[in-house]
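Here the structure is laid out as structure tokens; the discussion comes afterwards.
When reading the values below, keep in mind they use all heavy atoms of this one structure, side chains included, and skip hydrogens, waters and symmetry mates. Since the model is a prediction, treat every value here as computed from it, not as a measurement.
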Amino acid sequence: MTKVVKTESEWRTQLDPEQYRILREKGTEAAFSGEYDHVFEPGTYQCAGCGAELFSSDAKYDSGCGWPAFSEPAAAEALEEETDTSYGMVRTEVMCASCGGHLGHVFPDGPRPTGLRYCINSAALKLEES
């Protein structure tokens, strides 16, 4: 996978303030506020930072968590994970493997067959409808 490398100035120019806060500063949008929380149109969810394909609408489901939830990525190599110990919790952070942008977190309480819930910020995504 080709890595996207930009300066922070370039990211600030390309992204709107909310996208920058989430993707580059590891922010989180308020629950139930994101554009894609209750959108279930067919298509592909891409990284809002670099356009890399991250999730398919086929893997999206309503988890009730307040953020778009997916049971699996479009491809295993699309995401990178690392341990996040912020706010006194231990969670698994999910990032775009192409540009390193913060997407959200993955939890082991999703539906079968994966058992995973990728809880992703809407501002980190762009839906390419099919």
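Residues Leu54 and Tyr118 form no side-chain contact, since every pair of their non-hydrogen atoms from C-beta on lies 4.5 Å or further apart. For the pair Ser98/Cys47, no side-chain contact is recorded, criterion being any heavy-atom separation below 4.5 Å from C-beta on. In this structure, Cys50 and Gln14 have side chains that are not in contact, with every pair of non-hydrogen atoms separated by 4.5 Å or more. Side chains of Pro68 and Phe55 form no contact here, defined as non-hydrogen atoms less than 4.5 Å apart. Side-chain contact check for Trp11 versus Gln19: every heavy-atom pair is 4.5 Å or farther apart.
Note that CE of Met95 is 9.5 Å distant from NE2 of His105, once rounded to the nearest 0.5 Å. Here NZ of Lys6 is found 7.5 Å from CG of Leu15. Values are rounded to the nearest 0.5 Å. In this structure, Ser63 OG and Asp37 CG are separated by 7.5 Å, a value rounded to the nearest 0.5 Å. The CZ atom of Phe32 lies 7.0 Å from the NE2 atom of His38; values are rounded to the nearest 0.5 Å. One finds the OG atom of Ser33 at 7.0 Å from the CD atom of Glu18 (value rounded to the nearest 0.5 Å). Atoms CD and CD, on Glu41 and Glu129 in that order, are 5.0 Å from each other to the nearest 0.5 Å.
Transitive grouping of hydrophobic side chains (ILVMFWY, heavy atoms separated by less than 4.5 Å) keeps Tyr36 and Phe107 in distinct clusters.
Between the Glu80 side chain and the Gly100 main chain, no donor and acceptor come within less than 3.5 Å of each other. Using a distance-only test at 3.5 Å, with no hydrogens or angles considered, a donor-acceptor pair links the side chain of Glu29 to the main chain of Ser122. Checking side-chain atoms of Ser71 against main-chain N and O of Arg112 turns up no donor-acceptor pair under 3.5 Å. Lys26 places no side-chain N or O within donor-acceptor distance of the main-chain N or O of Arg21, the cut-off being under 3.5 Å. Side chain of Asn121 to main chain of Leu103: a donor-acceptor pair is present (N/O by atom type, distance under 3.5 Å, no hydrogens or angles).
For the residue pair Ser56 and Tyr45, the shortest heavy atom distance occurs at C-CD1, 4.5 Å. Closest of all the heavy-atom pairs between Ile120 and Trp67 is O-CB, 3.6 Å. Nearest heavy atoms, Tyr61 versus Phe70: CE2-C, 3.7 Å. For the pair Ala74 and Glu53, the tightest heavy-atom approach, listed with the atom from each and the gap, is CB-OE2, 3.6 Å. Smallest separation of non-hydrogen atoms from His102 and Ile22: CB-O, 3.3 Å. Of all the heavy atoms in Cys65 and Ala31, the pair that sits closest is O-CB, 4.3 Å.
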